[in-house]
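Step one of this worksheet: look at the structure below.
A, B, ... follow the sequence lines: proteins, then strands. Residue 1 opens every chain.
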2 protein chains.
Amino acid sequence: MKQSDIKYTNQRIEILDFLREFDGHPTVDDVYEGVRQKLTRISKATVYNNLKFLAEKGLIKEVNVKGVSRFESNLIPHHHTICLECGEIQDYESEELSEYAMSIAKEIDDFKIGSTDTNFYGICKKCMEME
Amino acid sequence: MKQSDIKYTNQRIEILDFLREFDGHPTVDDVYEGVRQKLTRISKATVYNNLKFLAEKGLIKEVNVKGVSRFESNLIPHHHTICLECGEIQDYESEELSEYAMSIAKEIDDFKIGSTDTNFYGICKKCMEME
DNA sequence: GTACGTGCAAATGATTTGCGTTAAG
DNA sequence: CTTAACGCAAATCATTTGCACGTAC
């Protein structure tokens, strides 16, 4: 299926717009609440189905943290810092790490690498100050 | 709470034994079915509660793949290859990558790193041969 | 003996699906 | 027009919780 086969419905356009403008890594509910401002009649099932669809098409990226799906429109390879206290997620870009991980992955026998994904688990600034 | 505070109930012992002997990354259901062979009356809630508990105590490790929790008793830092077709998970050990990721993580401002986690997404041998 | 763990069933939360209706191309 | 997408409600799946009873230490 080519990218040109994608039907750009109002719902999909609004979801993509929302993700492009959102600063962070929204959950399905975040996207639903956000998009509902403009498309008041959109259903949550449509949000679910479209986020999954758009991720499969490679137009957005899915990030699974602690069993909950989150989404982002930043397609440039990058990493995430995840706070073990409050769950906050921040982007962190290290081209060197991305490339190093890929170079290691290419060496693995009997495995055709597609992409790598590195998360950093720790304590964020806000939670550090609280203690 | 110290490690010595852990109550070693039959249920916990069987769960730990099962994980030590299992070759792979079992889901909660896998563990439940396995442990049930010996402890026929164990409840799934107990399996859930104990897997969570043991992971918090650091006696086992939790691996979240596509929103589903899996567990392993291998505590040595390592990575996972995850097949995008069939979902199969394999361990892959690269001490260099683990150390490199940690060294990068230590440089991040306003973040106290605890651990890093790298996954390789691609196609496994079995699925490659099928095409 | 007591605090913590267990089994069970019910509750919750995330996500998916079936179906009649609607709209994109 | 025709096929894929939508909205809605119901269904499913993973996981958690409340409570009366049982057991590790």
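Side chains of D30(A) and T27(A): a donor on one and an acceptor on the other come within 3.5 Å. Of the N and O atoms on the side chains of S98(B) and H79(B), at least one donor lies less than 3.5 Å from an acceptor on the other residue.
Between T9(A) and the phosphate of dA4(D), there is no side-chain N or O to OP1/OP2 separation shorter than 4.0 Å. One finds a side-chain N or O of N50(A) lying less than 4.0 angstrom from the OP1 or OP2 phosphate oxygen of dC6(D). Under 4.0 angstrom from either OP1 or OP2 of dT3(D) there lies no side-chain N or O belonging to K7(A). One finds a side-chain N or O of Y48(B) lying less than 4.0 angstrom from the OP1 or OP2 phosphate oxygen of dT15(D).
Hydrophobic cluster membership of L75(B), counting Ile, Leu, Val, Met, Phe, Trp and Tyr whose side-chain heavy atoms lie under 4.5 Å apart directly or via other members: none, as it forms a cluster of its own.
Taking the nucleotide of DNA chain D with the nearest heavy atom to each of E62(B) and A45(A), the more 5' of the two is matched to A45(A). Residue N64(B) is the one, among N64(B) and Q11(B), whose nearest nucleotide of DNA chain D lies closer to the 5' end (criterion: closest heavy atom).
Between K44(B) and D29(B) a salt bridge is recorded (basic side-chain N to carboxylate O distance below 4.0 Å).
Here dA4(D) presents its C1' atom at 15 Å from CD of E56(A), a figure rounded to the nearest Å. Remark: C1' of dA5(D) and CG of D5(A) are 15 Å apart, rounded to the nearest angstrom. Going from atom CZ of F53(B) over to atom P of dT17(D) covers 16 Å, rounded to whole Å. In this structure, I6(A) places its CD1 atom 12 Å from P of dC6(D), rounding to the nearest Å. Atom-to-atom, NZ of K52(B) to P of dT15(D) comes out at 11 Å; the value is rounded to the nearest Å. If you measure from atom CZ of R12(B) to atom C1' of dG22(D), you get 14 Å, rounded to the nearest angstrom.
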Which donor-acceptor pairs under 3.5 Å do the side chains of residues 60-68 of chain B make with protein atoms, sequence neighbours left out?
{"residue": "E62(B)", "atom": "OE2", "partner": "S69(B)", "partner atom": "OG", "Å": "2.6"}
{"residue": "N64(B)", "atom": "OD1", "partner": "G67(B)", "partner atom": "N", "Å": "3.2"}

Return a table of donor-acceptor pairs under 3.5 angstrom between the side chains of residues 12-26 of chain A and protein atoms on other chains or two or more places apart.
{"residue": "R12(A)", "atom": "NE", "partner": "N50(A)", "partner atom": "OD1", "Å": "2.8"}
{"residue": "R12(A)", "atom": "NH1", "partner": "K7(A)", "partner atom": "O", "Å": "3.0"}
{"residue": "R12(A)", "atom": "NH2", "partner": "N50(A)", "partner atom": "OD1", "Å": "3.4"}
{"residue": "D17(A)", "atom": "OD1", "partner": "R20(A)", "partner atom": "NH1", "Å": "2.9"}
{"residue": "H25(A)", "atom": "NE2", "partner": "E72(A)", "partner atom": "OE1", "Å": "3.1"}
{"residue": "H25(A)", "atom": "NE2", "partner": "H80(A)", "partner atom": "NE2", "Å": "3.4"}
{"residue": "H25(A)", "atom": "NE2", "partner": "D91(A)", "partner atom": "OD1", "Å": "2.7"}

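You can see that DNA chain C meets the heavy atoms of chain A within a 4.0 Å-exclusive cut from dA14(C) to dG25(C), reading 5' to 3'.
Listed by residue number, the members of residues 15-44 of chain B with any heavy atom below 4.0 angstrom from DNA chain D are V28(B).
Between Y8(B) and I6(B), some side-chain heavy-atom pair lies under the 4.5 Å cut-off.
Taking five base pairs at each end of the helix from dG1(C)-dC25(D) to dG25(C)-dC1(D), the local helix axes there meet at an angle of 50°, rounded to 10°.
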